[in-house]
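Note sheet for the following structure.
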Amino acid sequence: MAGSDGVNRNESMMVVPLNTWVLISKFKLVYNLLRRPDGTFDRVKAEFLERKVPANTIPVDGVFSFDIIDKTTGLLNRIYMLAPETEPRFGIVDLERPLSTTDVVPVIVFFHGGSFTHSSANSAIYDTFCRRLAGICRAVVVSVDYRRSPEHRYPCAYDDGWNALKWVSTRRWLQSGRDGKVYIYLSGDSSGGNIAHHVAVRASKCDIEVLGNILLHPMFGGQERTESERRLDGKYFVTIQDRDWYWRAFLPEGENRDHPACNPFGPRGESLEGIKFPKSLVIVAGLDLMQDWQLNYVEGLRNSGQQVKLLFLKQATIGFYFMPNIEHFFSLMEEIDEFVHSNC
Amino acid sequence: MGPFDGGSSSSSSGSCAGKSPEIDGLLAGAGYKVRSSELSQVAQRLERLENVMVNASNEISQVASDVVHYNPSDLANWVDSMLAELTHPQYPPSDLQNFPHHDSWTDQIGNQQNQNLNHNQQLTMVSTMMDEEDSGIRLVHMLMSCAELMQRGDFSLVASMIQEMQVLLIRVNTRCGIGKVAGYFIDALSRRLFSPSSAVCGSDSALENEILYHNFYEACPYLKFAHFTANQAILEAFNGYDFVHVIDFNLMHGLQWPALIQALALRPGGPPLLRLTGIGPPSPDGRDTLREIGLRLAELARSVNVRFVFRGVVASRLEDVKPWMLQVHSKEAVAINSIMQLHKLLYMDPGRASAMDTVLSWIRSLNPRIITVVEQEADHNQPEFLDRFTEALYYYSTMFDSLEACGLQPEKSLAEIYIQREICNVLCCEGSSRVERHEPLIKWRTRLSESGFKPVHLGSNAFKQASMLLTLFSAEGYCVEEKEGCLTLGWHSRPLIAASAWQAVPDEPTRKRDREGDLSI
């Protein structure tokens, strides 16, 4: 593991609370066990070790959840909603009526992270995060259980994301506001952010309106080694080596990291100029070794004339949002809340 | 926050995060139980573990990938056992291995039968799961209202609602989804209303029951999962013992045992002497079914050179079995295997000793190496009818959903009848005739812990076996999950069956000697 020595490990321990450090370090070690040098992945063991939680129609902190299978794709979507004033009868969730006929209720389609390989919609860390997101931002969250690599490479995750978007846009019970439409935002962390971007691109070419993109340290990259990668390699839980592994596992065989899925504004990227692309909120963690690529992405959006707000959190590491125990978590939630309610 | 720890959205055990102040609440939300006081220790050990892995030779890296993991939620123990494994690698325990589906065995039984012949937490009835069909949604609402009326004793209203629902049922597709399940539930309500409380759904015929059971076994993976997982735990528990004794609480056709016999045959160091005691109800037609099964198993064992002794114990009820009937020898390693039997003991007959206590206490007295318990993961023993009804509606509609994927006929149809009988028993029967008193893992954990048992964790090996089993089934929705050392099999995100393993907590030395005196030689 490049760049790791006693001093550096203590460094990461100093910038995050201890329980966060324990959580992310645990993931790091487990993921090391699961990735094989030949590019295969121990999926069975990964599923065994993954901590999952069921959905729960009984509200917790004002939010309840339930799972729905999209029968056309077989994919699971986990929906998080604010609990109504009156408790749902017998735990039955009535999904016939729109969310509201007067107020606008944002629907945030969320793609969980995991570098395209790990985690699920029902992973404990993501269930908890989505629950908080729904509660704090007073939105409906739809967490998509997309297919993962290396078993399902590009473009499976994007196809699943696209299908989820179509599905969400056609649910009567996700409509709100006086004009009875679904107010959709796309979001995701790490690989989920990458998926959100590509789904938004596809949406801009079809008739589905996406009101905004929220990308939480989105996973982008390129062939070049950037300054932040060299400077931060191995220092805050993540290494260049593991990033490379995940791209090799996701991208089509034989491809390199300048593939447009990985590097949308790179040499093989497609211009977004003149496209009706949603406004973006991009959050970058200052201790994330891939930040140069994310900043590059923000540049790319600006140069294409697209609206983008950058939230740069200087002392944040990856995964800072899993626990509400640092200020960054609250800054993040505040920004997202404002972002999804600014249309009302 | 009620008793449902799902409320804290953690995958921890019976205690809610927050109930025990020393558990770090945020880590609990991520699915890990760590005491706040231990946090820095765990962090240190994680660092050390990383050191070991980083500086590892290729061999150690290999060991690291092969390590069997247990109870990952217990982070402190996980880190410690990883460190221990990497510094002192153990040989991996023996595996069931991927035996070809023992077709010949099940075929034999199946042919025989054919010759002899002519559905609080997870209270989620999401009405859109029924594809937004208005009639389907309305049917669900009516079922719930009707159940409430039933509980209130408003029987004439119940009767008229049943009629209304039957009319509505015509407009719904009853070949799948909510229509099919609704049909069975309307039927159950009807039976409960019109038949005397002592009515039994379905027939008394043991043969019929066995046939239905067999088809349920073939049509979906629940029973196979139960057998595979239990066998893996038993195999591991028998490691190093030359004399082993399995006590099966419900032999049926002994479908579970060929795989274990074969695995023991291939054990490094050679097979032990295997005794199998099968408990079962009396055969109505004078045949000694238990003995017949035993003979077939003996033949199989002989063909793979495993010394084998079979004994049948006839009992209509588990609480009628006395430990001396099992003839346990002091030197043998005993495994007790209970596949969906324990819940039958939950009926508390006022004025009589608790059947559960009786059975649990003689289980302890046998000092088994392992007790494998598989139960339906549902709360069908709640005192209020409406609660049972709601839970059953969700549970069985999920189970029927999963059955949709099965293409085999007549297995699928017969499996549905098997399930229907279970539904009937849960909803129509009361008192001692209601034997399907399913309770979820959480309650079993409490009950067993309080009765002097401690959990034996099912690890990643068992999980792997179960996952491989599922690949044999074409349906993509089945999923195995690990939860606090137990494994559950479910459909999509709803667990339907849970497997766990236990050991008796040793007694004080003086008492133990008395117990040993009870064992017959």
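Chain letters run A, B, ... following the sequence lines, proteins first, then strands; residues in each count from 1.
Options B:Val42, B:Leu49, B:Leu75 differ in how many heavy-atom pairs under 4.5 Å they form with chain A, and the most are formed by B:Leu75. Looking only at heavy-atom pairs under 4.5 Å with chain B, the residue among A:Asp61, A:Thr20, A:Leu18 that has the most is A:Leu18.
Aromatic ring orientation, B:His69 versus B:Trp78: parallel (interplanar angle below 30°, classes split at 30° and 60°).
Taking both residues in full, the closest heavy atoms of A:Val109 and A:Val144 are given as CG1-CG2, 3.8 Å, listed atom of the first, atom of the second, then distance. Counting all heavy atoms, side chain and backbone alike, A:Thr117 lies closest to A:Pro150 at CG2-CD, 4.2 Å.
A:Asn122 touches chain B through its side chain: at least one heavy atom from C-beta onward sits under 4.5 Å away, while N, CA, C and O do not. With a 4.5 Å cut-off on non-hydrogen atoms, B:Val67 touches chain A through its backbone but not through its side chain. Within the 4.5 angstrom heavy-atom criterion, atoms from both the backbone and the side chain of A:Leu49 approach chain B. Contacts between A:Lys26 and chain B at a heavy-atom distance below 4.5 Å involve backbone atoms as well as side-chain atoms. Using a 4.5 Å cut-off between heavy atoms, A:Arg132 contacts chain B through its side chain alone, with no backbone atom that close. Contacts between B:Ser467 and chain A at a heavy-atom distance below 4.5 Å involve the side chain alone, from C-beta outward.
With hydrogens and angles left out, the side-chain atoms of A:Arg243 and A:Ser115 include a donor and acceptor closer than 3.5 Å.
For the pair B:Ile497 and B:Glu377, the minimum side-chain heavy-atom distance is 4.5 Å or more.
A salt bridge is absent between A:Asp145 and A:Arg78; no separation between the charged side-chain nitrogens and carboxylate oxygens falls under 4.0 Å.
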